[in-house]
Amino acid sequence: MHPVFALVDCNNFYVSCERVFNPKLAGKPVIVLSNNDGCAIARSDEAKALGIKMGVPVFQILNIIKAHKVHVYSSNYALYGDMSQRVMQTLTQFTPDIEIYSIDESFLDLSGFSSHNRTEYGRKIKYAVEKWTGIPVSIGIAETKTLAKIANRVAKKSKKSNGVLDLTASPFQDKALELIDVEDVWGIGRSYSRFLKENGINNALQLRDANDQLIKKRMGIVGTRLLHELRGLSCFPLERCPPPKKGITVSRSFKQAIETLDELLEAVAAYVSTGAEKLRKEHSVAGVLMVFLMTNRFNKERYYYNMTTIRLPVSTSDTSELIQYAHGGLIEIYKKGYLYKKAGVMFRDLVSETQVQTNFLDSIDRIHSNRIMQVLDNINVKMGSSTLKYAAVGLRGNKKWQTVFDHRSQSYTTNWNQLLEVS
DNA sequence: TCTGGGGTCCTAGGACCC
DNA sequence: TCTGGGGTCCTAGGACCC
């Protein structure tokens, strides 16, 4: 029997989250910005209609923002994460066969439903999510994940489908595929779409019917699987429980460029702190630590990037220990005389904290340091993150590297001090 | 002047070994 | 002048995703 997937995708998710708590934004152009209020990363339909592209730097669209009174928000990940959980919880009420694919998308397994019930069930799901969370969603249904993605896209576009489209055994499947530009197919990015267009393949239908050898030669096994998926042969099963993370990265662009090693040491200490916190939340320890720093990547003159890899003698999630190693690495790769714009740390070779390989030369009291980390995490959870932090992060406020969010909405759902006022 | 962050998978090539 | 072949492991870079 063929599997059947539904892809539930929140419409303009970050914008929709802002709208839930500020209904006046309905029907108006709204955008949400990346860190440091740098780029537009979410746009309402009205903002898209104004020609605001995904990822465009804000300074390039200031005139559009002004002329059309676009509402601008800094990103508020605490809020979006919380709203995401509510949406996913609602979906779980409908089926336990769910794969949470990203902050705003889930695949559901609908194989058990007969074909004439699926659209109706999709409508029920859509209605429930909107009613219980305030977030509008679209649902695409098909035999493979790739086709479900396409169905979802058509569902969003076409008035007739009204947000839910079942493409399984549909006489309109070819028409739907024809509507989808090849660059909008899941798995086709800039480089592949250029190649495909050079070969006269412009939409999903032409890609489905393309020559296998041509695709295989340029896109390898990835391309072959993609063709299978478009032809209705499922290659990507539903992943009910996500596999454990392979790495954790924390990196930030600085608000202002910095030159001195001292400031970089502070920034890196801060990134290690958040990373180690994430590590402990996952109950993992890292075997490898990588540190990198770079100048502005858009300035080709005087560009510098460097990275170092540190194998830790004993896998750990201890903040102060990791800060020490990271500082060692940073000193190694720092070069004087550059204007640095970004730095970061990566934890790799993660394993569960229960299976740490101890080292016979290890001189650290790990039971003691584990207890300190627990106390630290507990206080920061209860009193707000970074209530307690390491001196290495720096005590002065107003740091050049610190990320800014000048247009942030309140943290309606996650902070007691900022509950929505009802008037 | 101003340009996000965090992931995964695949592949090619080098190092090393027998 | 001739100077193997094959396997594994690791890494860097490319491509893609949200």
Side-chain angles (χ1 to χ4, degrees), chain A residues 7 9-14 31-42 52-63 65 72-77 80-81 84 99-107 145-146 149 152-153 182-196 216-226 235-236 239 242-257 271 274-275 278-279 282 287-288 290 292 294-300 303 305-309 311 339 341-350 401 403-406:
Chain A
L7 175 64
D9 188 327
C10 300
N11 301 344
N12 315 327
F13 183 55
Y14 296 172
I31 59 176
V32 175
L33 307 181
S34 62
N35 279 357
N36 287 320
D37 299 333
C39 302
I41 52 167
I52 299 175
K53 301 269 184 256
M54 174 66 179
V56 69
V58 181
F59 72 85
Q60 288 175 6
I61 52 168
L62 287 176
N63 44 354
I65 292 174
V72 177
Y73 288 87
S74 302
S75 43
N76 186 342
Y77 291 109
Y80 310 149
S84 172
E99 171 186 341
I100 298 174
Y101 176 70
S102 73
I103 194 164
D104 69 339
E105 288 169 71
S106 270
F107 288 104
K145 285 182 169 177
T146 306
K149 277 264 182 189
N152 190 292
R153 210 177 168 90
V182 77
E183 71 257 31
D184 295 329
V185 173
W186 198 34
I188 302 296
R190 251 202 356 249
S191 157
Y192 290 157
S193 93
R194 212 185 119 199
F195 158 78
L196 292 169
K216 171 99 203 273
K217 190 154 175 256
R218 175 70 168 78
M219 299 169 59
I221 181 96
V222 175
T224 305
R225 278 201 291 249
L226 179 50
C235 302
F236 309 116
E239 306 235 20
K245 277 206 173 74
K246 306 212 156 146
I248 288 175
T249 304
V250 180
S251 71
R252 296 281 180 280
S253 296
F254 311 137
K255 183 59 205 176
Q256 294 171 261
Y271 305 155
T274 24
K278 286 187 193 182
L279 215 45
E282 298 253 323
V288 166
M290 302 199 297
F292 69 89
M294 62 197 283
T295 57
N296 188 342
R297 69 182 207 276
F298 297 99
N299 185 359
K300 304 289 183 222
Y303 177 77
Y305 166 89
N306 208 347
M307 185 187 67
T308 182
T309 305
R311 174 154 288 284
L339 279 172
K341 199 64 180 63
K342 184 176 186 172
V345 295
M346 293 151 98
F347 301 135
R348 308 289 297 269
D349 285 25
L350 307 189
W401 49 267
T403 317
V404 295
F405 303 91
D406 284 340

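Numbered from 1 within each chain, the chains take letters A, B, ... in sequence-line order.
- Across all strands shown, A/Gly247 has heavy atoms under 4.0 Å from sugar-phosphate atoms exclusively, and none from any base.
- When the side chain to side chain contact (heavy atoms under 4.5 Å, CB included) test is applied to A/Gln60, the partners found at least two apart in sequence or on another chain are A/Val56, A/Pro57.
- Nucleotide B/dG5 holds its C1' atom 12 Å from the CE atom of A/Met294, rounded to whole Å.
- In this structure, the nucleotide among C/dC18, C/dC16, B/dG7 sitting nearest to the side chain of A/Lys149 is C/dC18.
- For B/dT3, neither phosphate oxygen OP1 nor OP2 lies less than 4.0 angstrom from any side-chain nitrogen or oxygen of A/Lys342.
- Listed pair A/Lys245 / B/dT8 fails the phosphate criterion, with no side-chain N or O lying under 4.0 Å from OP1 or OP2.
- Counting only heavy atoms from C-beta outward, the side chains of A/Phe405 and A/Asn36 never approach each other to under 4.5 Å.
- In this entry the distance linking CG of A/Asn35 with C1' of B/dT3 reads 13 Å, nearest Å.
- Counting heavy-atom neighbours within 6.0 Å of A/Arg348 CZ, excluding the residue itself, gives a total of 12 or less.
- At whole-Å resolution of the value, CZ in A/Phe254 and C1' in B/dT3 are 15 Å apart.
- Following rounding to the nearest Å, A/Phe292 (CZ) and B/dG4 (P) show an atom-to-atom distance of 13 Å.
- At the heavy-atom level, A/Val185 lies under 4.0 Å from the strands shown only through sugar-phosphate atoms.
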(request) Show your working on side chain to side chain contact (heavy atoms under 4.5 Å, CB included) between A/Lys341 and A/Thr295 and close with a plain yes or no. (result) CA-CA 5 Å; A/Lys341 199 64 180 63; A/Thr295 57; 5.5 Å; no
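- Under a 3.5 Å cut-off, the side chain of A/Ser75 and the backbone N or O of A/Leu33 do form a donor-acceptor pair.
- When the side-chain nitrogen and oxygen atoms of A/Arg252 are compared with OP1 and OP2 of B/dG6, one or more of them lie within a distance under 4.0 Å.
- Distances shorter than 4.0 Å separate some side-chain N or O of A/Ser191 from OP1 or OP2 on C/dA15.
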Protein and nucleotides 10-12 of chain C: nitrogen or oxygen contacts under 3.5 angstrom:
none

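- Rounded to a whole Å, the CG atom of A/Asn152 is 15 Å from the C1' atom of C/dC17.
- A/Val250 comes within contact range of the sugar-phosphate backbone alone, with a heavy-atom separation under 4.0 Å but no base atom that close.
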(message) Dot-bracket for DNA chain B, please. Rules: Watson-Crick or G-U, both distances under 3.5 Å, ( ) within the strand, [ ] when a pair crosses earlier ones, | for another strand, . otherwise.
(response) ....||||||||||||||
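- The structure places CZ of A/Arg252 at 10.0 Å from CH2 of A/Trp401, a figure rounded to the nearest 0.5 Å.
- Spacing of C1' atoms, C/dG4 relative to B/dC16, comes out at 16 Å, to the nearest Å.
- As judged by a 4.0 angstrom heavy-atom cut-off over every strand, A/Ile248 is placed among residues touching the sugar-phosphate backbone only.
- Distances from the side chain of A/Pro57 to the nucleotides B/dT3, B/dG6, C/dC16 place B/dT3 closest.
- The distance from atom NZ of A/Lys255 to atom P of B/dC2 is 9 Å, rounded to the nearest whole Å.
- No engagement by A/Arg194 is indicated, since no non-hydrogen atom pair under 4.0 Å with the nucleic acid exists.
- The aromatic ring of A/Phe59 does not sit over the base of B/dT3, since the test of centres under 5.5 Å and planes under 30° is not met.
- Nearest nucleotide to the side chain of A/Arg297, out of B/dT8, B/dG5, B/dG4: B/dG4.
- A/Leu7 has its CG atom 12 Å from the C1' atom of C/dC18, to the nearest Å.
- With the nearest nucleotide of DNA chain B identified for both A/Asn36 and A/Pro244, A/Asn36 has the one nearer the 5' end.
- Ring pair A/Phe107/A/Tyr101 is perpendicular by interplanar angle, where above 60° counts as perpendicular and below 30° as parallel.
- The shortest side-chain heavy-atom distance between A/Leu226 and A/Ile188 falls under the 4.5 Å cut-off.
- Between A/Arg218 and A/Leu196 the shortest side-chain heavy-atom distance does not fall below 4.5 Å.
- A salt bridge between A/Glu105 and A/Lys149 is present, with a side-chain N of the basic residue lying under 4.0 Å from a carboxylate O of the acidic one.
- The main-chain N or O of A/Ile41 is never found under 3.5 Å from a side-chain atom of A/Ser34 such that the two would form a donor-acceptor pair.
- At a threshold of 4.0 angstrom between heavy atoms, the contacts of A/Ile188 are confined to the sugar-phosphate backbone, with no base atom among them.
- The side chain of A/Thr249 contributes no N or O atom lying less than 4.0 Å from OP1 or OP2 of B/dG5.
- Where A/Ile221 and A/Asn296 meet DNA chain B, the nucleotide closest to each residue was compared, and A/Asn296 sits on the side nearer the 5' end.
- Across the protein-nucleic acid pair, A/Met54 atom CE and B/dG4 atom C1' stand 9 Å apart, rounded to whole Å.
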